[in-house]
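Here's the structure, in structure tokens; my notes come after.
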Amino acid sequence: MPLYPSYLALIESGELDERIEKLKKLLSPCGLCPRQCRANRAEGEKGYCGADYRPVISSHNLHFGEERPLTGGMRPRGSGTIFLAHCNLLCVYCQNFEVSYLGEGSAVSESRLACMMLDLQDAGACNINLVTPTHYTPQIVSAVRTAAGKGLRLPLVYNCGGYERVEIVRLLDGVVDIYMPDMKYADEEPARRFSCAPDYFDRCREAVTEMHRQVGDLVLDESLTARRGLLIRHLVLPNGLAGSEKILRFIAEEISPASYVNVMSQYRPAGMARDYPDLDRHPTRTEYDDAVAEARRLGLTRGLE
Ligand code: SF4
């Protein structure tokens with residue numbers, strides 16, 4: 001019987017310590033995400049994402065608003081959610097402006113982060129759900145190492161914006177059990193205008209392909225709680241700006257038609273979206289229904305309402 005969550009096997013073999021060392025080398029100068037700013041974060045320098053060394057946590061709590069497989073399926077217990085401040089995407093329409101742009105929260109040590117994970121486990125969480133983890137990956141994995149030594153046994157959810165370096169995702173093989181990336185844009189122009197990341201789709205495709213290689217399609221236990229696998233989120237934007245059809249076709253044809261995909265309707269103009277006329281409205285019901293119909297046509301039925 002393989003050890004579960006999977007980071008226990010890496011701890012037993014001693015490999016987790018090697019991964020932490022490799023990740024920490026990539027933190028300063030920073031090359032943790034495709035921007036590769038080279039900021040010397042260990043010396044307090046900040047890169048594009050605004051993060052320096054110590055992880056800033058905006059909140060940690062049991063969250064029941066996530067997808068059902070993440071909150072406990074038929075027996076909701078809540079997802080042990082840790083919201084990390086700052087962000088490597090900084091989308092102009094961000095709904096958490098204070099957290100992503102202004103970095104609202106408390107800077108904590110790795111041992112304090114480990115305690116938060118253990119607190120969430122004690123509170124009954126069914127996983128540790130790391131929201132916007134990319135720029136703090138080394139500190140998170142190090143905290144998991146500490147928490148596991150004190151009894152952490154929950155799977156990790158890597159809940160990211162999808163703008164990832166595949167080299168970093170490879171270092172998370174066997175650390176993360178559940179990947180939950182966004183797939184935000186299929187086209188270069190909206191990715192450049194709204195997130196300053198013209199290579200978004202290329203980097204996201206590489207990362208999601210590697211995530212799926214590691215963990216496969218989403219596997220649920222008998223209570224319909226996520227145990228391992230890939231769960232993709234796609235937010236429909238107005239005026240076809242997200243390229244929904246292209247993204248869904250990529251998932252169905254290049255990843256797996258059994259992928260769990262949450263096609264989300266809740267876009268609203270927030271942050272600086274008012275400055276972009278084509279972003280300055282909710283998607284219409286028809287725009288959203290068309291995306292869902294396309295997902296169904298492609299056979300992507302897992303995760304649809
Ligand atoms: S994680 Fe932040 S500092 Fe590091 S490369 Fe990305 S944007 Fe730059």
Side-chain angles (χ1 to χ4, degrees), residues 33-35 46-51 55-61 63-67 70-71 79 81-106 129-136 157-164 180-201 203-204 231-244 247-248 261-292 303 305:
C33 88
R35 299 197 190 275
K46 296 176 180 178
Y48 184 92
C49 59
V56 178
I57 308 297
S58 77
S59 63
H60 71 293
N61 49 42
H63 193 44
F64 291 85
E66 304 280 32
E67 287 80 350
L70 290 185
T71 56
S79 181
T81 307
I82 299 177
F83 288 91
L84 295 126
H86 302 293
C87 178
N88 73 328
L89 268 173
L90 296 175
C91 306
V92 296
Y93 51 86
C94 184
Q95 300 186 1
N96 295 309
F97 190 87
E98 291 77 10
V99 175
S100 58
Y101 278 79
L102 305 181
E104 250 180 28
S106 307
N129 182 352
L130 300 148
V131 184
T132 326
T134 309
H135 47 292
Y136 290 127
V157 182
Y158 192 85
N159 182 344
C160 67
Y163 193 45
E164 306 293 313
M180 187 158 67
D182 289 327
M183 292 196 84
K184 289 176 182 287
Y185 316 102
D187 298 317
E188 190 177 316
E189 196 50 18
R192 185 189 61 73
R193 286 175 64 218
F194 307 141
S195 299
C196 217
D199 59 343
Y200 178 88
F201 195 40
R203 301 291 80 76
C204 185
L231 191 161
I232 298 168
R233 283 175 166 171
H234 174 66
L235 180 66
V236 177
L237 295 177
N239 297 303
L241 290 166
S244 302
I247 285 175
L248 293 166
V261 185
N262 183 4
V263 179
M264 301 186 295
S265 62
Q266 61 263 46
Y267 174 81
R268 60 182 167 80
M272 292 173 280
R274 298 278 178 211
D275 298 335
Y276 297 80
D278 47 350
L279 262 187
D280 193 15
R281 66 165 173 82
H282 294 258
T284 62
R285 184 75 219 181
T286 305
E287 284 173 324
Y288 176 70
D289 288 348
D290 285 352
V292 170
E305 292 158 8

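The structure presented is a predicted model; accordingly, all values stated were derived computationally and were not measured. One-based numbering along the sequence shown.
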For this session: Verify whether one side chain among Asp199 and Tyr163 offers a donor that lies under 3.5 Å from an acceptor in the other.
Result: yes
Exercise. Hey, mind stepping through Leu84 and Val131 against side-chain contact (heavy atoms from CB on, under 4.5 Å) and telling me if it holds?
Worked result: CA-CA 6 Å; Leu84 295 126; Val131 184; 5.7 Å; no
For this session: Give the intermediate values and the outcome of salt bridge (charged side-chain N to carboxylate O under 4.0 Å, His left out) for residues Arg233 and Asp182.
Result: CA-CA 5 Å; Arg233 283 175 166 171; Asp182 289 327; 5.1 Å; no
Exercise. Considering all heavy atoms of both residues, which atom of Pro133 and which atom of Asn159 are nearest to each other, and what is their separation?
Worked result: CD-O, 3.3 Å
Problem set entry | With Ser244 via side chain to side chain donor-acceptor pair (under 3.5 Å) - residues at least two apart | His234
Problem set entry | Shortest non-hydrogen separation from Cys94 to Tyr101 and the atoms involved | CB-CE1, 4.2 Å
Problem set entry | Side chains of Tyr185 and Ser195, donor plus acceptor under 3.5 Å | yes
For this session: Check Pro190 against Asp187 and note the closest heavy-atom contact, atom names and distance.
Result: CD-O, 3.4 Å
Exercise. Which value, rounded to the nearest 0.5 Å, describes the distance between Arg35 atom CZ and Leu89 atom CG?
Worked result: 6.0 Å
Exercise. Using the ring of each side chain (for Trp, its six-membered ring), is His63 parallel, tilted or perpendicular to Phe83, with breaks at 30° and 60°?
Worked result: perpendicular
For this session: Over all heavy atoms of both residues, which pair between Pro181 and Leu231 is shortest? Give the atoms and the distance, please.
Result: CD-O, 3.2 Å
Exercise. Between CE of Met180 and SG of Cys160, what distance do you get to the nearest 0.5 Å?
Worked result: 9.0 Å
Problem set entry | Interatomic distance, Cys204 atom SG to Ile247 atom CD1 [nearest 0.5 angstrom] | 7.0 Å
For this session: First locate atom OG1 of Thr132, then atom OH of Tyr158, and finally report the distance between them rounded to the nearest 0.5 Å.
Result: 10.0 Å
Problem set entry | Derivation of the side-chain contact (heavy atoms from CB on, under 4.5 Å) call for Met183 and Val261 | CA-CA 10 Å; Met183 292 196 84; Val261 185; over 6 Å; no
Exercise. Just by distance, do the side chain of Tyr267 and the backbone of Leu279 share a donor-acceptor pair under 3.5 Å?
Worked result: yes
Exercise. Quick check: are there more than 12 heavy atoms from other residues, nucleotides or ligands sitting under 6.0 Å from CD of Glu67?
Worked result: yes
Problem set entry | From CA spacing to verdict: side-chain contact (heavy atoms from CB on, under 4.5 Å), Tyr48, Cys33 | CA-CA 10 Å; Tyr48 184 92; Cys33 88; over 6 Å; no
Exercise. Under the 3.5 angstrom rule, does the side chain of Thr81 hit a backbone N or O of Ser79 as a donor-acceptor pair?
Worked result: yes
Exercise. Just by modelled atom types, is the His86 backbone N or O under 3.5 Å from a matching donor or acceptor in the His135 side chain?
Worked result: yes
Problem set entry | Residues that Arg192 engages under side chain to side chain contact (heavy atoms under 4.5 Å, CB included), provided they are two or more places apart | Glu189, Pro198
Problem set entry | Full working for side-chain contact (heavy atoms from CB on, under 4.5 Å) between Arg193 and Asp278 | CA-CA 11 Å; Arg193 286 175 64 218; Asp278 47 350; 2.8 Å; yes
Problem set entry | Closest non-hydrogen atom pair between Gly162 and Tyr200, with its separation | CA-OH, 3.8 Å
Exercise. Can you check whether Asn239's main-chain N or O pairs, donor with acceptor, with Glu287's side chain at less than 3.5 Å?
Worked result: yes
Problem set entry | Pairwise distance CZ(Arg281) to CG(Leu237) - rounded to 0.5 angstrom | 10.5 Å
For this session: Drop me the distance from Tyr93's OH to Gln95's CD, to the nearest 0.5 angstrom.
Result: 9.5 Å
